[in-house]
Asker: 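Sharing a structure, written as structure tokens. Questions coming.
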Amino acid sequence: GQQLNQSPQSMFIQEGEDVSMNCTSSSIFNTWLWYKQDPGEGPVLLIALYKAGELTSNGRLTAQFGITRKDSFLNISASIPSDVGIYFCAGQSYNAGNNRKLIWGLGTSLAVNP
Amino acid sequence: DGGITQSPKYLFRKEGQNVTLSCEQNLNHDAMYWYRQDPGQGLRLIYYSQIVNDFQKGDIAEGYSVSREKKESFPLTVTSAQKNPTAFYLCASSMPLSSGRPYNEQFFGPGTRLTVL
């Protein structure tokens, strides 16, 4: 199946640093979602985006729906040790109709050094 | 308290045996999904159901079967035909169309780790 191009694959940063990751698609999307997964748990929805250009924040997290509708980024400011985990982007293609399937990135693994 | 439950958290089976993973939700969600997660491969869709008594194959349905007899329940059977069944299995659901919320936000259970010996 189709996958999103998510980068970077992994990051190792110092506590307090800002983090940026992004996802790109070869086709137009009408939805971008960002999830975080802790080890051994299910992913948790962080931010949902539904309009091109939309910029949404959730605490120290900020995500944007790209103007071209083919990309999205997630920023984490002032990282803390509990930010450790795998971050996934997911989206729905513009021509998906009533089909609720999401297309997923492979994830960005974040490690934070205290 | 509303949510999605998956049981058990860890499951061990002998090779050649069928095994059924449970997924229950009390969120009144219409659609439910099963994903498989292997290290470094992200989430891959096995089956999904948008309404009771209907389900569709995902990207890796071979060796798996599902049923959707009740809105709240979407069990997944891993059959002996699945060549490499050891993995982390995740169940998810999404809101009903009538909720007025975007219906493609998926909410996940805690997962079941299946190990076939």
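To find a chain, count down the sequence lines: A is the first, B the second, and so on, and within it residues start at 1.
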Asker: Go through the atoms of B:Gln6 and report whether side chain, backbone, both or neither lie under 4.5 Å from a heavy atom of chain A.
Answerer: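 The answer is neither part of B:Gln6.
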
Asker: Hey, does the side chain of A:Lys101 reach the backbone of B:Gly58 with a donor-acceptor pair shorter than 3.5 angstrom?
Answerer: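 No, A:Lys101 side chain to B:Gly58 backbone: no donor-acceptor pair under 3.5 Å.
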
Asker: Do A:Met11 and A:Leu74 belong to the same hydrophobic cluster, where Ile, Leu, Val, Met, Phe, Trp and Tyr are linked whenever their side-chain heavy atoms lie under 4.5 Å apart, directly or via other members?
Answerer: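 Yes, A:Met11 and A:Leu74 fall within the same hydrophobic cluster.
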
Asker: Taking all non-hydrogen atoms of both residues, which atom of B:Leu90 and which atom of A:Pro43 are closest, and how far apart?
Answerer: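 Shortest heavy-atom separation between B:Leu90 and A:Pro43 comes out as CD1-CD, 3.8 Å.
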
Asker: If you count heavy-atom pairs under 4.5 Å between each of A:Gln9, A:Glu41, A:Gln6 and chain B, which one has the most?
Answerer: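 Counting heavy-atom pairs under 4.5 Å, the top option is A:Glu41.
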
Asker: Given the rule that I, L, V, M, F, W and Y join up when any side-chain heavy atoms are under 4.5 Å apart, are A:Trp32 and A:Val19 in one cluster?
Answerer: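 Yes, because A:Trp32 and A:Val19 connect within a single hydrophobic cluster, where side-chain heavy atoms sit under 4.5 Å apart.
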
Asker: Over all heavy atoms of both residues, which pair between A:Ala48 and B:Glu105 is shortest? Give the atoms and the distance, please.
Answerer: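 Looking at all heavy atoms of both residues, the shortest contact is CB-OE2, 3.5 Å.
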
Asker: Could you look at A:Gln37 and say if it's the side chain, the backbone, both or neither that has a heavy atom under 4.5 Å from chain B?
Answerer: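 The answer is the side chain of A:Gln37.
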
Asker: Does atom NZ of B:Lys14 have more than 12 heavy-atom neighbours, drawn from other residues, nucleotides or ligands, at distances under 6.0 Å?
Answerer: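 Counting neighbours around NZ of B:Lys14, 12 or fewer heavy atoms of other residues, nucleotides or ligands fall under 6.0 Å, so no.
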
Asker: Could you measure the distance from the CD atom of B:Gln106 to the CG atom of A:Leu102? Nearest 0.5 Å is fine.
Answerer: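 Those atoms lie 4.0 Å apart.
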
Asker: Above 12 or not: heavy atoms from other molecules or residues under 6.0 Å from CD of A:Gln14?
Answerer: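 More than 12 within 6.0 Å, yes.
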
Asker: Verify the cluster assignment for B:Phe88 and B:Leu114: are they in a single hydrophobic cluster under the rule of side-chain heavy atoms below 4.5 Å apart?
Answerer: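 No, B:Phe88 and B:Leu114 fall in different hydrophobic clusters.
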
Asker: Other residues, nucleotides and ligands only: do more than 12 of their heavy atoms fall within 6.0 Å of CZ on A:Phe12?
Answerer: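 Yes, enclosed.
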
Asker: Could you check whether atom CD1 of B:Ile51 has more than 12 heavy atoms from other residues, nucleotides or ligands sitting under 6.0 Å from it?
Answerer: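 For B:Ile51, atom CD1 is not crowded (no more than 12 foreign heavy atoms under 6.0 Å).
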
Asker: Assigning hydrophobic clusters by single linkage (Ile, Leu, Val, Met, Phe, Trp, Tyr; side-chain heavy-atom cutoff under 4.5 Å), is A:Val84 placed with A:Ile76?
Answerer: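 Yes; A:Ile76 is reachable from A:Val84 via cluster members.
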
Asker: When rounded to the nearest 0.5 angstrom, what distance separates OH in A:Tyr35 from CG in B:Leu43?
Answerer: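 Answer rounded to 0.5 Å: 9.5 Å.
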
Asker: Which atoms of B:Leu45 come close to chain A, meaning under 4.5 Å heavy atom to heavy atom: side chain ones, backbone ones, both, or neither?
Answerer: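 Only the side chain of B:Leu45 comes within 4.5 Å of chain A.
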
Asker: Top residue by heavy-atom pair count (under 4.5 Å) with chain A, among B:Gly42, B:Cys91, B:Gly111?
Answerer: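 Of the candidates given, the most pairs with chain A belong to B:Gly42.
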
Asker: Measure A:Leu33 against the heavy atoms of chain B and call it side chain, backbone, both or neither at under 4.5 Å.
Answerer: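 Looking at A:Leu33, just its side chain touches chain B.
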
